[in-house]
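Below, chains carry the letters A, B, ... as their sequence lines are ordered, and counting in each starts from 1. Just the heavy atoms: all of them, side chains too, but no hydrogens, waters or symmetry mates, feed the values below.
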Amino acid sequence: MKLAVYRKKSPWILHYNAGGCNGCDIEILACLGPKYDIERFGMINSGNPKQSDILLVTGPVTKRSRERLVEVYAQMPEPKVVVSCGACACTGGVFRGMYNCEGGIDQYIPVDVYVCGCGSRPEQIIDGVIKALDILERKTLELEVSVRLKKVPVEENGQVNRREVAAKIIHTQHTYE
Amino acid sequence: MNKIETSVDSLKKDIGAFYKPDLHHFMVMNAVDLGDKIELQWFFCNYAFPSAVTTFYTLISPDTEVPDISDIVPSAWVAQAELADLMNINIENTKKGFVLEPDFESGPLRKKK
Amino acid sequence: MGKQYEIPLGAQHISLLEPLHFKFTTENEKIISTDANVYYVHRGIEEACCTKFKFRQVSFVVGRVCGLCSISHSTAYSQVAEKLVNIEAPLRAKYLRMLVIELDRIHSHLLCLSHVAENAGFEALFMKTMQYREFSMEMLEAVCGNRIQYDFSIVGGVARDLKAEVAGMILQRLKTFLPQLDELVDIFQNNWTLSLKNKGAGAITREAAMRLNVVGPFARAAGLAIDVRNETEDLLPWKEVGFEMVTDTTGDVYARNMVRLRELYISIRIIRNIIASLPESALVTETKAFPDGEAVVRLEAPRGELFYYAKGNKTQMLERLKIKAPTFSNVAAMVEAFTGNEYGSAPAIIASYDPCLSCTSR
């Protein structure tokens, strides 16, 4: 199976609105349409977080949608990339400081690509998603590096002398004072 | 805008006498914080004479229980549930928590003391 | 009586643009009752408009209530603020506001139609409708300078003038759009597969629409003739530019599609009349007054009646601003119209309501 090749060619995107004004969402829908057509990069709008690679989030995080945002992010398998679309997803935008808003999705989940604009143009969204593809490839490579756990060498005759330990603690306390 | 004053006790009688489902269109219920009193408003318009907006209004103190008009106007429960959360007023048969989370401070549209 | 199941839909779902949660109680796939949670997008704009922003800045803030009908929100706020400071917008500004509202209506209705097609499983029609919709986005960009969030209406008038080249371009693109619209009407009206999904689904009667105070294409599809463009000729002169009421009788998904498609012909006629008879005048009426008193304004957004209430207190800040969005009136009917339908057609019914939750919850 050439899974890595296929995943690079065809990332599936998941779209979640965390309380925005719909402006960026209809631009994402326009990206799926024939004029901008991100399907030529092999992307499909998938509704299932468990099959998605890229999470497109719009909107400042409202208090009722924040748990759903974290839940959707947690259900996506590794490697995953988060793209925040629009000014209010990046910083809170005009909604920053309103009583039911949090101001930016990076307070809750790690964001890899920030797409600016109110609302983001389809060209900007495509650009952000293409940047996300590179990050996805890098993250895939990082995952593939095998991690070997190392044993910490134990000193021989490692009996603890309690007086020495106590003297050490007292000594450090004095030096701190 | 045609304003008619009413009171909490005679509200259901007044609106029931005024509202005809095939003639009037209930728009929304609103509240304005005037400091120590709250002004409640109910907006109606007419299908036949559409530019005329009729408003019922009453002044209440914040702890008064407001009667539920959803047996006269069935779609009023949405406006009542929203207003009960945002203005922190008691409306009959209306539970809080439709708009705001339960851990949130109540009445964000009320004036800060 | 069969066994009852509770099926949730949302808050994240592929058929939903925005977070919205329905809980259907079903019996043998038939929906018998529905529970809705529509306040995921509540941000607190009404409070911020009265405490953080001055009344001239608020017309840009209320545009961010909704990205689909931002021009309707900023125009309605501008009108209510003009009533509070006792000025009237110039005639050319009124005509330009109507032009942008109608262009916005074309893009919003076509988006809704494409969404119905996608949720009914007709992917090719979704692509076709989205392709035909792009012209309205390009024209809005040419007129206002941005594809969405136009910031076109300001207190006292409009922010930009319509250039003669742009007007010529709009007329030319409308000429190519008209046969495309005929094609869409043909598909939505005569496609047999789509009619199986749409006819009779999500129906609501005229009496129920009246009882539940439904507005917009939802009400007009059921035969209830309510359209603010028919009424408020003192604020925007709709009847001068050729407005006509469109109604249908059956009130199901098919009727809503047809009402939206037939309204597009009216919108095209209005745009052509506006460009042909655009009056010459200033763009903005200047004033230094502060808002005082209280006023209400109604305006027909793409989804129905938009209502603004504002109260001023002779300072820069407003005392209270109340926004009633069209979907807010329809929530009670949306919950009722599911009853008796199959669960499988629920996504198409939701799309045909054309719900706008960011308007509803603000």
Side-chain angles (χ1 to χ4, degrees), chain A residues 14-37 39 44-49 55 57-69 71-72 75 86-88 92-103 117-123, chain C residues 10-21 37 39-49 51-53 57 60-61 63-70 73 107-108 111 114-115 118 123 126-135 137-138 141 146-149 151 356-359 361-362:
Chain A
L14 175 71
H15 163 226
Y16 184 67
N17 180 341
C21 76
N22 279 349
C24 301
D25 308 80
I26 58 175
E27 294 296 57
I28 289 171
L29 214 60
C31 284
L32 297 168
K35 187 180 175 191
Y36 295 99
D37 195 19
E39 279 196 18
I44 296 177
N45 185 17
S46 149
N48 189 348
L55 176 62
V57 189
T58 60
V61 184
T62 59
K63 291 208 167 146
R64 194 169 278 189
S65 67
R66 60 186 171 184
E67 282 87 6
R68 281 84 185 170
L69 174 70
E71 180 70 31
V72 163
Q75 286 191 2
C88 50
V94 71
F95 308 120
R96 196 183 180 95
M98 289 187 187
Y99 62 82
N100 216 26
C101 274
E102 303 286 346
C118 181
S120 306
R121 297 177 59 85
E123 293 93 339
Chain C
Q12 188 271 333
H13 191 268
I14 187 161
S15 71
L16 300 173
L17 267 182
E18 42 194 340
L20 159 69
H21 180 84
N37 184 352
Y39 276 89
Y40 281 97
V41 203
H42 181 67
R43 286 154 291 183
I45 290 179
E46 283 176 6
E47 191 246 14
C49 286
T51 53
K52 280 173 69 183
F53 298 101
Q57 299 170 328
F60 305 116
V61 180
R64 267 77 182 169
V65 168
C66 173
L68 287 162
C69 40
S70 76
H73 279 277
H107 113 71
S108 173
L111 182 87
S114 69
H115 215 219
E118 191 193 18
E123 195 76 18
F126 164 74
M127 287 292 180
K128 202 183 253 306
T129 319
M130 290 302 280
Q131 182 193 351
Y132 295 161
R133 170 179 167 270
E134 272 302 321
F135 105 93
M137 304 297 281
E138 284 163 17
E141 188 180 359
N146 201 359
R147 285 169 60 92
I148 45 175
Q149 298 299 0
D151 294 340
C356 184
L357 282 315
S358 52
C359 279
S361 43
R362 305 174 301 278

J.: Could you measure the distance from the CZ atom of C/F126 to the CG atom of A/L32? Nearest 0.5 Å is fine.
T.: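 The distance works out to 5.5 Å.
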
J.: Less than 4.5 Å to any heavy atom of chain C: does that hold for the side chain of A/E71, its backbone, both, or neither?
T.: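 Neither part, no heavy atoms under 4.5 Å.
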
J.: Apply side-chain contact (heavy atoms from CB on, under 4.5 Å) to A/N22 and C/C356, showing your working.
T.: CA-CA 8 Å; A/N22 279 349; C/C356 184; 3.8 Å; yes

J.: What's the shortest heavy-atom distance between A/M98 and C/G44, and which atoms?
T.: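 It is SD-O, 3.7 Å.
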
J.: Go through the atoms of A/L29 and report whether side chain, backbone, both or neither lie under 4.5 Å from a heavy atom of chain C.
T.: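 Both parts, backbone and side chain.
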
J.: Flag the one option from A/S65, A/C118, A/C101, A/G33 with the top tally of heavy-atom pairs under 4.5 Å to chain C.
T.: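 Highest number of heavy-atom pairs under 4.5 Å: A/C118.
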
J.: For A/C24, which atoms come within 4.5 Å of any heavy atom of chain C: side chain, backbone, both, or neither?
T.: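 For A/C24, the contact with chain C is made by the backbone alone.
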
J.: Please look at C/E46 and chain A and tell me whether the side chain, the backbone, both or neither of the residue comes under 4.5 angstrom of a heavy atom of that chain.
T.: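 Nothing of C/E46, per the 4.5 Å heavy-atom cut-off to chain A.
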
J.: Enter the distance from C/E47:CD to A/N100:CG here, rounded to the nearest 0.5 Å.
T.: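 Reported value, rounded in 0.5 Å steps: 10.5 Å.
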
J.: Which answer fits A/V94, side chain, backbone, both or neither, if we ask what part of it has an atom under 4.5 Å from a heavy atom of chain C?
T.: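 Contact with chain C: backbone and side chain both.
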
J.: Taking all heavy atoms of A/P34 and all of C/Q131, pick out the closest pair and write down the distance.
T.: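 Closest approach of A/P34 to C/Q131: CG-CB, 3.6 Å.
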
J.: Which atoms of C/F53 are under 4.5 Å from chain A, going by heavy atoms: the side chain, the backbone, both sets, or neither?
T.: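 Looking at C/F53, just its side chain touches chain A.
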
J.: Could you look at A/S46 and say if it's the side chain, the backbone, both or neither that has a heavy atom under 4.5 Å from chain C?
T.: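 Backbone only.
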
J.: Between C/M127, C/Q149, C/E118, who has the most heavy-atom pairs with chain A when the cutoff is under 4.5 Å?
T.: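 Sorted descending by pairs with chain A, the first entry is C/M127.
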
J.: So, A/D25 versus A/H15: side-chain donor-acceptor pair below 3.5 Å or not?
T.: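 Checked: A/D25/A/H15 side chains pair up, N/O donor to acceptor below 3.5 Å.
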
J.: Heavy-atom pairs under 4.5 Å with chain A: which of C/H107, C/M137, C/R64, C/K128 has the most?
T.: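 Sorted descending by pairs with chain A, the first entry is C/R64.
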
J.: Looking only at heavy atoms, what is the nearest atom pair of C/T129 and C/S114, with distance?
T.: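 Taking C/T129 first and C/S114 second, the nearest heavy atoms are CB-CB, 3.6 Å.
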
